[in-house]
Amino acid sequence: MSKTLLRISNLKTRLGDAGNPVYAVDGVDIEVRKGEVFALLGESGCGKSMTALSAMRLLPPSGTIVEGQAYLGDTSLFDLPEREMRRVRGGRMGMIFQEPMTSLNAVVTIGEQIGEAVRLHDRDSRDAVSRRVVELLRSVGIPDPERRAREYPHQLSGGMKQRVMIAIALAGRPSLLIADEPTTALDVTIQAQVLSLLKDLQRDTGMAVLLITHDLGVVSEVADRVAVMYAGQIIELAETRKFFRQPAHPYSRKLFRSLPSLGNRGQELAVIEGSVPRLNQRFSRCRFRERCDQAQEICAQQAPAWSETALGSGVRCHLFEHLPALSALSGKRATENHAGSAEQAGNLLEVEGLRVHFPIHKGVLRRVIGHVKAVDDLSLSIAQGRTMALVGESGCGKTTAGKGILQLIRPTAGSVRFDGDDLTRLPAGKLRARRADMQIIFQDPVASMNPRMLVGDIILEGMQAQKIGVSRTERQARIRDLLDRVGLSVDAADRYPNEFSGGQRQRICIARALAVDPRFIVCDEPTSALDVSVQAQVLNLLKDLQHQRGLSYLFITHNIAVVSYLAHEVAVMYLGRIVEQGTVEEVLQSPRHPYTQALLSAVPAIDPVLGRSVIRLEGDMPSPANPPRGCHFHPRCNKGVDSCRSAYPDPVRLSQTHRVSCFRIEPESI
Amino acid sequence: MISQLVILWTDALIFLLITLAVAFGVYASRKAHLRRPWGLVVRSRVGVGTMVVLAFYLSVGVLDSIHFHPAAESPDSAGKVIYSSEIISLFDSMVSGLRARQEKTYSAPLATHLYAKESTEQADGSTIRDFPRLEHGGSHLSDPDQRDADIVRLSAIGILKGLAVSVVAANILIVLLAVAARRTFGERAREVLSANTEIPWRVVLTVLGMMLVITFWSAELASRYHILGTDKVGEDVFYQALKSIRTGLVIGTLTTLVMLPLAIMLGIMAGYFRGWVDDLIQYVYTTLNSIPGVLLIAAAILMLQIYMSNHAEEFNSLVERADLRLLFLCIILGVTSWTGLCRLLRGESMKLREVDYVQAANAFGVSHLQIIGRHILPNVLHIVLITVVLDFSGLVLAEAVLSYVNIGVDPTMNSWGNMINSARLEMAREPIVWWSLAAAMIFMFTLVLSANLFADVVRDAFDPRLGSSR
C-alpha cells in the first residue's frame, strides 16, 4: 500500500464565466502522505484555499474545475457522484475554516452540532452519540465536556469555538483534515493552544493534515513538508527543515528577508516590489519575473518548468541552481542609524492614570449597573522621535487606549499631556485645532477610507479641516508631494480607493495622516491585515518617516516580530492595565511578568532549529466588565501566590525604564 | 388657443420633484459609485422594459399636471379673451373628445346602447321600454349590427397606425444610436435586432412598440366608442382611469418628498449623535408607530374636511379644493410613513459612525455637519433610493384602500380608489356592472407591477451585498 493519502495532479480551477475567466489554480500537483502535516503556504489570493476547496468539491458557484485529478487513497474524487462525495466530506476528509465565529449555528447547542456530524457517519443510538460527543470534546481539550455540550456557541470563546470546529471535523474519523487558516483569527496564546492540539491529534490518530496558511511561523511550528504557492502555482516544495534552512525560490527567499525581527532592526526590510499578477491572463513567462531581482532574459521568454531538486522536493525557477547562497544576501543598512535615540529630549506625550470605562445600561430606565473597564489606570510616556509599542491580545483594551489618548473616545479619568497641554481638559474648539499634531492609522485599509470619495479628496479632507495651505493649487501640490512620498503615482489622486490593493491603501492612509504634519501618530495594527511582503513596505515607510520627520509612534499591535523590529519601548497590556513596560531589549529578551513570558513563548518561531518550550496559558482572557479580584492575571498564572488573589500588585521598578506589576518580582538594586 | 395658466399646489411640487430628480441625475452621472448601479439597471432587460411602461404613465401624469383656464369659444365684444372659470389640464384638452362625450348613464364597453332600459316615445305616440341608442358611442353607425365589423376596421386602422409610428420611432432611435457609436445604420440595426448591445435596446423597442400599438388602437376605438364603458352618470371610464394616473403618481411620489427630509435628518441625527438625541427621536417614532396609521389619517382628513366646508369661500374652484385635499393626504401619509426609513438610516449611521474613516475625520477635527454631509449621507443614499422605489407601489395601493374607506382623495377627483369605491354598489347591481372595477384594476395592476419589477432591479443593482456575485 502506498504512503500517499491525497494526490492532486495538474489541478486547474477557474473562477468566473468563460468570458472573463480567472485561473485561480493553474496546474497544481500535491501529494499528502499518510500521517504528515503538509503545509500550503502563500499570500492572499494565491489560490491556496481554492486548491483545498477544489479537492473537497466545495467551490463557490462561479468556480469550475477545468482539468486535473484528485485521488483520496484509491478514490477518484472528481469522478464520484455528489451522493458519494457527501459521504467523503466529513467522513474521510474533514475541514476546518478560518472563522470559528461564523462557522457554528448560533441557536443550536454545540453538543447537538457535533452530534449531527457524528450521526451522519455512524448511526448509533442516542446514548452512544452523546457519549461520542463528550469523548470528542474531551479529545480537543475542552474542560468539563458534559456541561459544555449543552451550551450555545456564544457562551464559548473564540479558541473554544475553534476546538468545537475541530471536534466536528473529527467526528467522522477522517484520515485527512484540511485546515484553512485555522488560527489566523485567534490570538497568539490561543493559537499556540490550537496548534499544539492539532499536532497532538495528528500524532494520536495518525491522520494527515493539509494546513493552509500564510504564516511562516505556523508552518515551522507544525508542518513536516511545505509547498509554497504563488499566483496559482506551486513554486517550491520541500521538507520544512530544509525549507527554513535553505529556501530555493527567489520568492521564498525574499519572503524570509521581509520578515521583521530583532535581528534586522537597523536594516531596511527586503521588499517584494509590485503585486501579484492578475490571474485572468495566460502566462508565457515566469509569474514572478516582474518582482524578482534575479530575473534574467530567459524568465521573460518562457515559463519555468518544475524541477526536482531532491526526492520529494522541487522548485519552479529557471535559475535555482545559480542563485547565491542565502547568507550572502544581507539587507541594506538603513541610511541613518536611529536618529531618534540621540535626542532624548523631553517627553512629547505623557499619559497619567488614563481610564476609559464604558457604562453598562440595563432596564427600561437604562440605569448604569456596571462598567466595562476597557482601559484602567494606564500610564506611559513617549519622547519625540521614539516608538512605543502597545502589545496585547485582542480585547485587552489597546485600541481603546489609543483612541482615548487621541480623545476620539473621551476618557473617564486621567490626564493626557501632549506638548504641555492636557488634552482631556481642552475645550472642543482648542482640541480641534490641536488635532493636526496627532493622527491615527487604522488596521483595516478597506474600512479606513470612504469608498465614495476620490483619493485626492480623502487626503485633502484633513488639510481643509486644519486650514493647511491657502490656495487650491497649493493643496494640490501638497497632495502630489505626499503621494510621491508614500511611493504612489500622482494620478492616484483621481481614482477611488477600491482601485488599490491593501498595501497601497494603507500607504494612502499614511499620506492622509501626514497631510496635516503630525508629530505623533497612533498606528493601530497597521500591518495585521496585510501580507508579509506588503507589511515590509509599510514598515519601511513608517521607519523612514520617523527618521526624516522625527515622528513619534504609538504602535498598537499583537505581532511581536513587528515590535522587535520597529519599537524602542514596549508596554504589555492585559485586561486594561499595563503589566510590564520597558525598552525592547528589556521586555523581549528578559521578560519578567509571567504573562509577558507566556505571550512571547507562544509566538511561533521562524527558526525551527531553535528549540523552545511554549508556556501554555489555560483558558481565555476574562471579561473586562468583571475582572478577577486581585491581580487580573492570577487565574491563568502558573506562578501565582496567595497575595495575588487579594490585591493588584503595584509596579516594581527594575531599572530606569523597566517596570513590572507582579508580586513575585523583587526590585533589584539599580 | 390662448389660455391662462393655473399652478396648483401639487403641480408645483411635482415640477419641484422633477427638477430634483434631474439634478440628482446630473450629480449621479458624475459619481462613479452612483453611475455604476444605474448602469446595471439600464443593462437589465426587466429594468428597461418597465422603464418604458413607467415612462408612458409618467408622461400622462405630467401632461395632466399642467393646468389652465381655457379660453372661451368667442372673445367678448371688446375683443378681450374671456377665460372660462373651469380648470382643465393639457391632457384634458388633448383628449377633449373623451371628456365631452357624456352619456346618460351606464353603458357597457364598446356598446352602442345604454345598459338600462328607458321608456321612449315613438313617433306614433306609443311608448316602449327598450335600451336606447347611445348619444356618442357608435352613433356614426346607421345600423347597430355593423358594430362588430366597424370595431374590426377601427382596430386594424389603429394597430396599423401604431405599427407605423413604432417603426418610425425605432428608426429614429437606431439612427441616434448609430451616430452615438459612430457606426453605419445597418451595422447598428443588426446589433440592436440581434440583441447584441450592452443596453438591451431590442427590449426597449419591443415594449415601446407594444405600448404605441395599444395607445393608437385605443385612441382609434375611443374616438367612436366608449372602450371601457361609461359610469353611472355617463362619464367615460377610460377617461377616468387615465385621469387617475396622475392621482396615483402624485400620492406615490409626493409622499416621499414629504417623508424624505424628516426620515433622513432624524435618522442620521439619531444614529450619529446617539445619546439624548437618539433617545428623543426614538421615542417620537416609536410613539408615532404605535398609533394605527389609518386612524391618524382618518382624523386628519376629517378635520380638513370640516375646515374646508366651513371656509368654502377660500377656494376658487372645486379642483383647487380637491387638490389641496390630495396634498394634505400626501403630507399625512408622509408623516405616518417616515418611521421605517428613519429606523433603517439610524441603524446604518450608527454603524457608519464607528467606521474608521469617520474616526479618521474626527481625528482631523472635521465638524459634525461636514462628517454627516461628506461621509454619512453619501453612504446611506442607496438605502434611501431603494426605499423610495419600493415604497412607491405600496403608496399607490394605499391610496386605493384609503379612498375606498372614504378618507382618501376628494370624491370629485378621479382616482382608482374612488373608482373601486363606486364599484362597490355596481357589483351589487343586477345585471352586474363590472367595467369600472376592471378598468381601475388593469391600470393600477400595470403600474404597480412595473413599479415593483423596476424596484427589484434597482434594489439588486444598489445592494452592496450582491455586488460580488456579479
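Keep in mind the model is a prediction, meaning the values are calculated, not measured.
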**Student:** Heavy-atom distance under 4.5 Å to chain B: side chain of Arg434(A), backbone, both or neither?
**Tutor:**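 Nothing of Arg434(A), per the 4.5 Å heavy-atom cut-off to chain B.
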
**Student:** Measure across Val355(B) and Ala447(A) and return the closest heavy-atom pair with its distance rounded to 0.1 Å.
**Tutor:**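 Closest pair (atom of Val355(B), atom of Ala447(A), distance): CG1-O, 3.3 Å.
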
**Student:** For residues His375(B) and Met453(A), determine if any side-chain heavy atom of one lies less than 4.5 Å from a side-chain heavy atom of the other.
**Tutor:**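 SC-SC contact between His375(B) and Met453(A) confirmed.
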
**Student:** Around atom CZ of Arg45(B), are there more than 12 heavy atoms from other residues, nucleotides or ligands closer than 6.0 Å?
**Tutor:**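 No - once you tally the heavy atoms of other residues, nucleotides and ligands closer than 6.0 Å, there are 12 at most.
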
**Student:** If you draw a 6.0 Å radius around CZ in Arg278(A), do more than 12 non-hydrogen atoms from other residues or ligands fall strictly inside?
**Tutor:**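 Check fails, neighbour count at 12 or below.
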
**Student:** Is it true that, when you exclude Glu198(B) itself, more than 12 heavy atoms of the residues, nucleotides or ligands shown sit nearer than 6.0 Å to its CD?
**Tutor:**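 No.
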
**Student:** Heavy-atom distances under 4.5 Å only: say whether Gln407(A) touches chain B with side chain, backbone, both or neither.
**Tutor:**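 Contact with chain B involves no heavy atom of Gln407(A) at all.
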
**Student:** If you measure from CG on Asn450(A) to CG on Asn379(B), what distance do you get to the nearest 0.5 Å?
**Tutor:**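 Here the rounded value is 4.5 Å.
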
**Student:** Can you name the nearest heavy-atom pair linking Ser448(A) to Asp356(B), along with the distance?
**Tutor:**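 So the minimum-distance heavy-atom pair works out to CA-CB, 3.4 Å.
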
**Student:** Find the one option among Ala433(A), Pro61(A), Ala465(A) whose heavy-atom pairs under 4.5 Å with chain B are most numerous.
**Tutor:**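 Among the listed options, the one with the most contacts to chain B is Ala465(A).
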
**Student:** With a 4.5 angstrom heavy-atom cut-off, could you sort out which part of Glu461(A) is near chain B: side chain, backbone, both or neither?
**Tutor:**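 Backbone plus side chain of Glu461(A), per the 4.5 Å heavy-atom cut-off to chain B.
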
**Student:** With chain A as the partner chain, list the residues of residues 357-364 of chain B whose heavy atoms fall under 4.5 Å from it, by residue number, and write 'none' if nothing qualifies.
**Tutor:**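 The stretch touches chain A at Tyr357(B), Gln359(B), Ala360(B), Ala361(B), Asn362(B), Ala363(B), Phe364(B).
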
**Student:** Got a second to check how far Arg374(B)'s CZ is from Arg452(A)'s CZ, nearest 0.5 Å?
**Tutor:**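 Going from CZ on Arg374(B) over to CZ on Arg452(A), the span is 16.0 Å.
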
